[in-house]
Amino acid sequence: MRIVIDTDEAAQRLEDLLDLIVPKDEVIICCDGTPVVILTAITKDEKKPDRGERQ
């Protein structure tokens, strides 16, 4: 599932969004219609990135 949400609403509903998201889902946060952040769930089996490491 893909959820697209504005920054203001995302700020108010962040905990709800985190509770809803499951692996393979995306929450796309937009500012003035431009995507700025994509949140995805990770599984326990996925490697936790080292500080500063990007995947």
What salt bridge (charged side-chain N to carboxylate O under 4.0 Å, His left out) pairs are there with at least one residue in residues 9-21, not counting sequence neighbours?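 Every pair satisfying salt bridge (charged side-chain N to carboxylate O under 4.0 Å, His left out) with a residue in residues 9-21: E9-R13.
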Residues that, via side-chain heavy atoms closer than 4.5 angstrom, fall in one hydrophobic cluster with L20: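 Once heavy-atom contacts under 4.5 Å are chained together, L20 still belongs with nothing else.
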By the rule that ILVMFWY residues connect when side-chain heavy atoms come within less than 4.5 angstrom, directly or transitively, which residues belong alongside L39?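 Besides L39, the hydrophobic cluster comprises M1, I3, I5, L14, L17, L18, I21, V27, I29, V36, V37, listed by chain and residue number.
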Where C31 and D6 come nearest, the two heavy atoms and their spacing: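 So the minimum-distance heavy-atom pair works out to CA-OD1, 4.4 Å.
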Which heavy atom of A41 sits nearest a heavy atom of P23, and at what distance?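 Nearest pair, atom of A41 first, then P23: CB-N, 3.6 Å.
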Pairs in or reaching into residues 24-40: which pass side chain to side chain donor-acceptor pair (under 3.5 Å), with residues at least two apart or in two chains?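 Those involving residues 24-40 are R2-E26.
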Q12: side-chain hydrogen bond (donor to acceptor under 3.5 Å, both in side chains) partners, not counting sequence neighbours: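 Q12 satisfies side-chain hydrogen bond (donor to acceptor under 3.5 Å, both in side chains) with no other residue.
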